[in-house]
Structure formats: C-alpha cells, structure tokens
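See structure below.
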Amino acid sequence: MDSSDLNVIRALLGWVRAGARAHLVTVTHTWGSSPRPVGSLLAVGAAGQLMGSVSGGCVEDDLVAKLRGGQVAGSGPERLVYGLSREEGERFGLPCGGTLELVCEPVAQAGDLAEVLAALEQRRAITRELNLDSGASRLLPAGPHTAACTCKDGVLRKVFGPQWQLIIIGAAELSRCIAQLAQALDYHVVVCDPRPDYAAAWDVPGTEIATGLPDDVIRTRVTDERSAVITLTHDPRVDDLALMQALESPAFYVGALGSQRTTDKRLQRLRELDLPEAAIARLHAPIGLPIGSHAPMEIAVAIAAELIAARNGALASAQVRLIDHASRKAASAA
C-alpha cells in the first residue's frame, strides 16, 4: 500500500501527463476541530476525479463544483476558507467549531512535482515552496526538524517525506491482523520471516515478504525515523537478532511481543550480548497499550494504538491516562 501523499502526486501527474489540467489542494491551517490535519493533500482532475482528502466529503464536493465552474484557482494559487459560520460548518460537515483553510493550485505541467514523486518513491524527504502571488515553486532539502507544512508571508512550504514503514518479524496470525491495521494507517508493511514454512504461507495483499535474516533486513530497510519494528515470533533466535539491530537503528519505535516474564528474560539476554543500556531502554515491551486485549485482532489494535501514540509523540500521555482509568475502575469496584 502506498502513502496517501504518494498516491495524490502520482494521480495528479497521471492526469497532467495525459493532457488534462488538474488542481492540487493543501490543508494549510485548521482552527478548532478538523477532519484532516495540516499538510493533507487532495488532487482534483479536470473531470472531477479525486485522490486524497481534505474533509469528510462535502468540502470536496463544493471544490469540484467551483473548479469545474472556473470560480476558483483559474490562473494561479488561491486560498479558500471553509467553516467560518455555524451554518457553513454544518453544511460542509466540519466538526463543531471547525474552520479549514486550503490552498488550491492549478497544475498544467509536471514541473517540479515529477521530482517530488521520484523522492517519495525513493524514500527521500524534500520540501516544496509555492509562492502564492506568482505561482512559482521551487524544491529545497528537508532538514530533520523542518515543519511538515507552513503557510505564511505568501509562501506555502510542504515537506514530502517517505512513507511510514512497519517491519514485522514473524509471519503468523497476529502478524496478519497487525499488517491489515497498519496498511489502513498508511504504513508500508514488510514482513520478515526466515522460516520457510511461515514465509510460504504469508498471503496479505499489499505487503512485502522478506525471507532474509532479520538483522540484515532491518539493516537495509530501516534507514530513517519513519520506520517501526515489532518482533512477534516468540523465537529468541529470530527476535533477538532483529532487536539487536533495530534498537540501534533510527526507527522511531521498536516493540517485542511477550509477557513480562518473557520480557525480563529478553532484557537479560540483550545485556549479555553487550547491547548498550541506552539502546535497550528504547524497547517497548510487553508490546501494545494495556487495554485488556486477548484475541489476535484485539492485540493488534493495542499494538496499533501504541504505534499511533508513539508516532504522534503522545505515548507517555496515553499510558498515564490508561493507568489512571484502571486505578479509578479498581477503586470503584472495591
């Protein structure tokens, strides 16, 4: 499964290269509740085709009508604001109090968007600047701390980065559940299992299966902070290889399945293998938020929730709220 940004740019360039005019729409500001975050993209084809999203659907319908009628962004980029009034918010399905600002850019030629597409396909980050007055654009390097999307002083800056990637070690039933959820969360999923029988049985569409040794797969695949690794085999010979490499990689999240007893034994083995304490401290184990999950899909949901929290920098807050909720529930039952 490709990332949403990649799908949007690929579709947009497909329409343009076929000789049609198209528009690229970017969410630049939100106030209050908003269905899509800043930086979200929508491509609109000349015939009303859509790829991507900026709202729940009503804003897209209004945009298509205005673009096909030539009412907006006819000759250059244009700002649009939805949801200023209660009536408009209700009309366009925006949450209570939500306001959405968009920049709508006409695209007639591939231009620098072709290089943006190449960067996305090669897992490279790149920044595109669009001058809202002249319509001119240019590409710049994307630094590690560059804001994902800003629009000020008449310039829209949008960072196009590599797709989020999840490396799953082990091709079993739980892996299938996690892979399906991860794809829905915009991850490219690579499942690694050097055991021939498990690898041969893997059948989740849209994912990759890798049969090499886990440390080799992680070494070549995990090259940036938009990657996560989880180990699920219950086999220390497989999982420990993966963890030794992953815990010293740039991955934003490394997790391992198992009980607290299993985790304690794993930590002891990693220390005996001379893995630095700073690396060991990065391990999330037992994996997943503690939501009382038991069935494979329930466990997958707990793991996906922890990935979401870690990706959004909210993991500590989520754990505190769950612990507080459990404490209050126990106190009320006493």
Side-chain angles (χ1 to χ4, degrees), residues 1-3 6-7 121-123 162-259 262-263 265-266 269-270 273 275 279 282-288 293-308 310-311:
M1 179 179 180
D2 292 326
S3 73
L6 177 56
N7 285 331
E121 291 176 334
Q122 296 164 17
R123 293 192 61 79
Q163 183 181 8
W164 295 97
Q165 176 179 233
L166 175 63
I167 311 291
I168 300 175
I169 308 300
E173 180 59 28
L174 176 58
S175 306
R176 288 182 172 84
C177 296
I178 295 171
Q180 292 164 359
L181 290 177
Q183 288 187 96
L185 293 170
D186 205 23
Y187 283 91
H188 173 66
V189 178
V190 179
V191 176
C192 172
D193 203 319
R195 302 169 298 181
D197 291 345
Y198 284 89
W202 184 256
D203 58 357
V204 178
T207 63
E208 283 188 61
I209 181 72
T211 57
L213 292 175
D215 54 335
D216 290 336
V217 171
I218 293 169
R219 185 179 298 108
T220 57
R221 297 279 190 147
V222 181
T223 58
D224 55 64
E225 296 178 354
R226 294 172 74 90
S227 299
V229 178
I230 57 176
T231 64
L232 306 174
T233 71
H234 293 292
D235 185 341
R237 295 170 299 176
V238 177
D239 287 351
D240 288 1
L241 272 178
L243 292 173
M244 288 184 66
Q245 184 65 40
L247 288 169
E248 294 194 280
S249 77
F252 79 90
Y253 177 94
V254 180
L257 183 69
S259 65
T262 299
T263 297
K265 290 181 178 179
R266 178 182 291 117
R269 290 195 305 273
L270 292 175
L273 292 168
L275 196 66
R282 298 184 59 218
L283 180 63
H284 295 273
I287 195 172
S293 51
H294 297 288
M297 185 53 80
E298 292 178 343
I299 297 171
V301 168
I303 294 171
E306 189 165 63
L307 279 171
I308 293 170
R311 187 164 117 175

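Only heavy atoms go into these numbers, but all of them, side chains included; no hydrogens, no water, no symmetry mates.
Ile167 is not listed as a side-chain neighbour of Ser227, based on a closest heavy-atom distance of 4.5 Å or more. Using a 4.5 Å cut-off on side-chain heavy atoms (C-beta onward), Arg219 and Asp215 make contact. Side-chain atoms of Thr223 and Pro250, non-hydrogen and from C-beta on, never get closer than 4.5 Å to each other. Side-chain contact between Val229 and Gln245 is absent, with no heavy atoms from C-beta onward closer than 4.5 Å. Side chains of Thr262 and Ser259 form a contact here, defined as non-hydrogen atoms less than 4.5 Å apart.
For the pair Asp193 and Tyr198, the tightest heavy-atom approach, listed with the atom from each and the gap, is OD2-CB, 3.4 Å. Taking each heavy atom of Leu257 and Arg266 in turn, the nearest pair found is O-NH2, 3.0 Å. The two residues Pro214 and Ala242 come nearest to each other via the heavy atoms CB-CB, 3.6 Å. Of all heavy-atom pairs spanning Ala172 and Trp202, the tightest one is O-CZ3, 4.0 Å. Of all heavy-atom pairs between Leu174 and Ala300, the closest is CD1-N, 3.9 Å. Across every non-hydrogen atom of Asp203 and Pro205, the tightest pair is O-CD, 3.3 Å.
Residues Asp235 and Arg237 are paired through a salt bridge, judged by an N-O separation under 4.0 Å between the basic side chain and the carboxylate.
Just one residue in the list Leu307, Leu181, Leu185, Ile303 forms a side chain to side chain contact (heavy atoms under 4.5 Å, CB included) with Leu166, and that residue is Leu307.
Of the possible polar contacts, one joining the Ser175 side chain to the Gly170 backbone as a donor-acceptor pair under 3.5 Å is found. Looking only at distances, no side-chain donor or acceptor of Arg123 sits under 3.5 Å from a matching main-chain atom of Pro162. Of the possible donor and acceptor atoms, one in the side chain of Gln165 sits under 3.5 Å from a partner among the backbone N and O of Arg221.
Between the CG atom of Leu241 and the CG atom of Leu213 there is a distance of 6.5 Å, given to the nearest 0.5 Å. To the nearest 0.5 Å, the span separating CG on Leu243 from CZ on Arg282 amounts to 11.0 Å. Rounded to the nearest 0.5 angstrom, Arg176 CZ and Ile178 CD1 are separated by 12.0 Å. Taken from CD1 in Ile299 to CG in Leu232, the straight-line distance is 9.5 Å, to the nearest 0.5 Å. The distance from atom OG1 of Thr231 to atom CD1 of Ile168, rounded to the nearest 0.5 Å, is 11.0 Å. Here the OG atom belonging to Ser249 is positioned 10.0 Å from the CD atom belonging to Glu225, to the nearest 0.5 angstrom.
In Phe252, the CZ atom is crowded: over 12 heavy atoms of neighbouring residues, nucleotides or ligands sit closer than 6.0 Å.
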